[in-house]
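As structure tokens, the structure follows; a few thoughts come after it.
Note that the structure is predicted; figures quoted are calculated from it, not measured. Below, chain A is the first sequence line, B the second, and so on; all start at residue 1.
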There are 2 protein chains.
Amino acid sequence: MKKKIVRIKDIAEKAQTSKGTVDRVLHNRGRVADDVRERILAIIKELNYEPNLIAQSLKSQRAFNLAALIPDPSLDSYWEAPHNGLEKAEKELRQYGVHITKFIFNSHSEPSFIAKAKEVGREHPDGLLIAPIFYKEALPFFQEWAEMGIPYVLFNTQIEHVNPLCYIGQDSYRSGSLAAKILRFGLHSPGTVLVAHVNEDISNSAHLITKEEGFRDYFKGEQLEETFKVISKEINFPEEEGLDKQLDDLRKQYPDLAAVYVTNSKAFEVAAYLEKNALTDIKLVGYDLIGPNQQYLNKGVIDFLINQNPLGQGYWGIHQLANHLIFKKEIPAIKFLPLDIITKENLDYYLDPQ
Amino acid sequence: MKKKIVRIKDIAEKAQTSKGTVDRVLHNRGRVADDVRERILAIIKELNYEPNLIAQSLKSQRAFNLAALIPDPSLDSYWEAPHNGLEKAEKELRQYGVHITKFIFNSHSEPSFIAKAKEVGREHPDGLLIAPIFYKEALPFFQEWAEMGIPYVLFNTQIEHVNPLCYIGQDSYRSGSLAAKILRFGLHSPGTVLVAHVNEDISNSAHLITKEEGFRDYFKGEQLEETFKVISKEINFPEEEGLDKQLDDLRKQYPDLAAVYVTNSKAFEVAAYLEKNALTDIKLVGYDLIGPNQQYLNKGVIDFLINQNPLGQGYWGIHQLANHLIFKKEIPAIKFLPLDIITKENLDYYLDPQ
DNA sequence: TTTAAAAAAGTGTTCGAGCACGCAATCGAA
DNA sequence: TTCGATTGCGTGCTCGAACACTTTTTTAAA
């Protein structure tokens with residue numbers, strides 16, 4: 001049995017002309033007499049012609065060089081997953097001529113970001129995927145890339161006042177609310193709830209603030225402000241000892257500490273503290289399935305993790321670029337990834353995706 | 001810039017032979033001298049040749065008629081989602097010549113299933129996707145389809161002792177454990193926990209039993225048997241009034257009822273009862289994002305839903321068939337879908353997928 | 001040694017879209 | 001009316017794999 005597909009040739013025959021002419025109509029290329037053009041357009045509509053993407057991409061054998069500007073995974077293992085997502089997407093799209101060049105910067109060093117961002121401009125890629133964790137430093141480059149006509153997709157960190165092709169990541173506000181909902185479900189009696197920003201430059205990380213807002217607003221919205229006191233704290237410790245002391249102090253100040261919400265992937269640091277001090281009653285929710293977090297999840301020290309799906313962010317980021325560049329599809333300005341709730345029992349399914 | 005793709009012609013040139021010969025080696029067709037074959041195989045490996053799927057499917061313009069044997073969504077809205085998944089997959093794969101014929105049976109009537117299953121045989125599809133909710137009635141057909149060489153993929157209900165191309169769905173045991181974990185997190189004081197099988201012929205539904213096992217084993221494994229008494233009950237009500245009376249009786253017997261786990265998509269029935277009787281303290285977990293469940297989730301009567309991703313089941317089922325038939329990929333015997341935990345705060349992301 | 005059959009290897013067409021090229025008709029200016 | 005330029009339109013090659021078909025080589029029997 002054969003497929004019933006409408007081809008350019010079919011249209012040409014029905015319009016009593018040649019496929020070359022139909023082709024020119026389809027691509028607004030070259031010169032076609034008005035009456036012929038309209039006859040052809042009518043027939044295209046009538047037969048409901050859709051170009052055969054397969055034949056199309058077989059023919060147009062051009063290469064698409066995409067660039068990815070993302071942090072070094074060896075310095076923060078959170079970034080391993082996006083790398084994997086990139087590679088997965090590249091594998092799938094290699095058939096279509098997609099090649100990705102990675103520009104890897106140090107997530108703790110603004111100058112290294114700037115150096116790599118400059119390199120990207122010199123390469124003139126066809127598209128760019130970027131994790132803009134340095135807001136201020138990144139701004140001028142967005143301008144530059146826009147002028148060069150390089151479409152860029154942001155992921156991981158949402159940024160205002162720039163015009164990317166698309167943002168891919170989570171709705172930080174909702175994410176905070178979700179964390180609140182989960183913790184509240186496990187809280188039995190009144191107490192203090194801590195929002196912890198661990199080892200993060202909060203001034204350059206608007207999305208962490210947004211998470212905190214979502215978290216606080218959940219307790220407000222549910223009229224739980226009387227029952228639970230929400231406090232927040234930045235916990236930074238370049239040196240080893242720092243965290244324990246800071247949490248000790250905090251517990252002295254708030255002896256009824258009942259739950260901790262870590263706004264980034266550093267929940268394992270708090271988990272280590274809880275385990276060391278046998279604080280089994282303090283509920284703990286954090287982000288991301290990095291190794292240390294998984295261990296504490298399996299031990300039951302971390303109760304739930306919210307998966308930001310960093311692999312998916314890389315994967316979909318590349319796919320959005322491909323959809324735009326290769327398949328000429330409309331791209332939504334924002335693609336929110338699901339807020340996956342992870343626990344020991346369903347962890348497996350989120351580790352190796354699809 | 002051009003793509004660097006290894007073609008059959010490249011292999012032929014390097015092996016000092018013609019593309020026809022390489023083709024015969026690749027497809028184990030026709031006769032090739034042993035030394036030439038080995039030389040070619042070596043070069044294929046060396047150059048890391050991967051056939052160009054695009055060119056491949058452009059050439060082989062055959063149609064693939066797939067059949068889907070699934071219940072009528074107008075009788076049980078759970079089945080709407082698989083239908084949507086089917087259609088989504090068909091849309092994506094139409095370019096590759098995939099066409100799906102639906103054989104829709106009444107999920108409450110074995111004879112209707114048998115009639116439709118017979119029809120499938122007469123149609124001789126190239127592949128089959130089936131929701132085998134009638135275990136006993138389905139068995140002889142598996143035999144028949146196997147003899148006819150029709151590969152079939154099971155979804156929704158896992159069945160032993162048959163040899164499908166693949167099973168797609170959830171790990172029921174884990175699913176039960178996950179439900180237990182969630183409920184336990186929200187339980188503050190000792191009490192009774194009910195496993196409710198609502199309006200389901202339990203004798204034909206092994207997977208619900210498996211869910212219950214997983215649920216019970218969680219409490220056993222965590223040494224919580226003393227604290228929480230787990231009971232189970234089949235709740236059937238062909239007539240309207242039935243459910244209320246049965247739950248009233250149950251509450252008389254177990255006044256400390258603290259949580260209910262509904263093993264199928266009928267949590268909304270229990271939710272209606274809880275709401276009517278203002279039992280805000282009884283925790284409720286169920287399955288699936290059908291309309292009524294969503295409403296009670298948003299109201300807070302249902303605390304969490306576990307998403308069985310019925311849309312994904314249909315979608316991936318068709319894709320597995322396509323991977324097997326069109327792309328000749330290896331198919332894993334089981335594809336477990338994630339156990340997604342859904343709450344009011346992250347519901348949106350699971351409604352319209354990807 | 002010849003010859004037919006069988007095996008091995010090579011050639012050429014096809015799929016649908018893209019695009020370069022070239023032919024024919026029309027137009028305008030000298 | 002002749003020449004070049006412009007417009008309108010058709011032809012034919014290309015992409016990589018599949019497969020039918022043809023040609024060449026080998027093998028075995030006469």
Side-chain angles (χ1 to χ4, degrees), chain A residues 1-41 43-44 47-64 94-98 325-328, chain B residues 1-41 43-44 47-64 94-98 325-328:
Chain A
M1 240 172 112
K2 272 183 245 155
K3 293 203 300 187
K4 40 174 175 70
I5 269 200
V6 183
R7 300 159 301 170
I8 286 188
K9 208 180 149 194
D10 299 322
I11 297 168
E13 276 166 17
K14 193 148 187 180
Q16 308 203 63
T17 174
S18 74
K19 69 198 187 83
T21 306
V22 176
D23 176 74
R24 274 181 289 269
V25 171
L26 282 168
H27 296 83
N28 298 316
R29 129 174 67 244
R31 299 138 285 215
V32 181
D34 284 352
D35 58 328
V36 178
R37 183 204 319 285
E38 270 169 47
R39 199 167 67 228
I40 290 176
L41 284 175
I43 291 172
I44 285 174
L47 297 185
N48 208 355
Y49 169 79
E50 283 175 33
N52 185 327
L53 290 179
I54 297 169
Q56 212 165 40
S57 58
L58 174 61
K59 186 54 184 67
S60 68
Q61 286 293 61
R62 68 163 286 202
F64 294 91
R94 206 176 43 221
Q95 296 274 357
Y96 297 93
V98 168
L325 292 167
I326 306 180
F327 306 116
K328 318 270 183 215
Chain B
M1 239 173 116
K2 273 183 241 157
K3 294 203 298 191
K4 43 174 173 68
I5 268 201
V6 184
R7 299 160 302 168
I8 285 188
K9 206 178 151 195
D10 299 321
I11 297 167
E13 274 166 18
K14 192 148 188 180
Q16 310 202 61
T17 174
S18 74
K19 66 199 186 84
T21 306
V22 176
D23 176 73
R24 274 182 291 269
V25 171
L26 281 168
H27 296 82
N28 296 315
R29 134 174 61 244
R31 301 139 285 216
V32 180
D34 284 353
D35 58 328
V36 178
R37 181 204 320 285
E38 271 170 47
R39 196 169 68 228
I40 288 176
L41 285 174
I43 291 173
I44 285 173
L47 297 186
N48 209 353
Y49 169 78
E50 283 176 33
N52 185 325
L53 290 180
I54 297 169
Q56 215 164 37
S57 59
L58 174 63
K59 185 57 186 68
S60 69
Q61 285 293 59
R62 67 163 288 203
F64 293 91
R94 205 177 45 219
Q95 296 273 358
Y96 297 92
V98 168
L325 292 166
I326 306 179
F327 306 116
K328 318 271 183 215

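- Atom CG in A:D34 sits about 12 Å away from atom C1' in D:dT7, given to the nearest Å.
- Close to D:dC19, at under 4.0 Å from its OP1 or OP2, lies no side-chain N or O of B:H27.
- Across the protein-nucleic acid pair, B:K59 atom NZ and C:dG12 atom C1' stand 12 Å apart, rounded to whole Å.
- Atom CG of A:N52 is separated from atom C1' of C:dT14 by 14 Å (rounded to the nearest Å).
- Taking 4.0 angstrom as the limit, A:Y49 places a side-chain polar atom (N or O) nearer than this to OP1 or OP2 of C:dA17.
- Annotation: side chain of B:I44 is in contact with side chain of B:L26 (closest heavy-atom distance under 4.5 Å).
- For the pair A:R37 CZ and D:dT7 C1', the interatomic distance rounds to 12 Å; values are reported in whole Å.
- Between C:dC15, D:dC9, C:dG18, one nucleotide has an atom nearer to the side chain of B:L58 than all others, and that is C:dC15.
- Between B:S18 and the phosphate of C:dT11, there is no side-chain N or O to OP1/OP2 separation shorter than 4.0 Å.
- Side-chain atoms of A:V25 and A:I11, non-hydrogen and from C-beta on, never get closer than 4.5 Å to each other.
- Minimum atom distance to the side chain of A:R29 is reached by C:dC19, of the listed C:dG10, C:dC19, D:dC9.
- Residue A:N28 contributes atom CG, which lies 15 Å from atom C1' of C:dC19 at whole-angstrom precision.
- Contact annotation: the side chain of A:I8 approaches that of A:Y49 to within less than 4.5 Å [non-hydrogen atoms, C-beta and beyond].
- When the side-chain nitrogen and oxygen atoms of A:T17 are compared with OP1 and OP2 of D:dG10, one or more of them lie within a distance under 4.0 Å.
- Taking each heavy atom of B:R39 and B:Q16 in turn, the nearest pair found is NH2-O, 4.4 Å.
- With hydrogens and angles ignored, a donor-acceptor pair under 3.5 angstrom links the side chain of B:K19 to the base of C:dG12.
- Distances shorter than 4.0 Å separate some side-chain N or O of B:Q56 from OP1 or OP2 on D:dA18.
- For the pair A:D35 CG and D:dT7 P, the computed distance is 17 Å after rounding to whole Å.
- Contact record, A:Q56 with A:P51: NE2-CB, 3.8 Å, taken as the closest heavy-atom pair.
- The separation between A:E50 atom CD and C:dG16 atom P is 15 Å, rounded to whole Å.
- Residues A:V22 and A:K9 are not in side-chain contact: their nearest non-hydrogen atoms beyond the backbone lie 4.5 Å or more apart.
- Listed nucleotides D:dG10, C:dA9, D:dG16 differ in distance to B:A33; the shortest reach to its side chain belongs to C:dA9.
- Residue B:R24 places a side-chain atom within donor-acceptor reach of the base of C:dA9, judged by atom type and a 3.5 Å distance cut-off alone.
- Near DNA chain C, meaning a heavy atom under 4.0 Å away, the residues from residues 8-16 of chain A are A:I8.
- For the pair B:I54 CD1 and C:dG18 C1', the computed distance is 15 Å after rounding to whole Å.
- Side-chain contact check for A:Y96 versus B:I54: some heavy-atom pair is nearer than 4.5 Å.
- When the side-chain nitrogen and oxygen atoms of B:R31 are compared with OP1 and OP2 of C:dA6, none of them lie within a distance under 4.0 Å.
- Between A:V6 and A:N48, the closest side-chain pair of non-hydrogen atoms is not below 4.5 Å.
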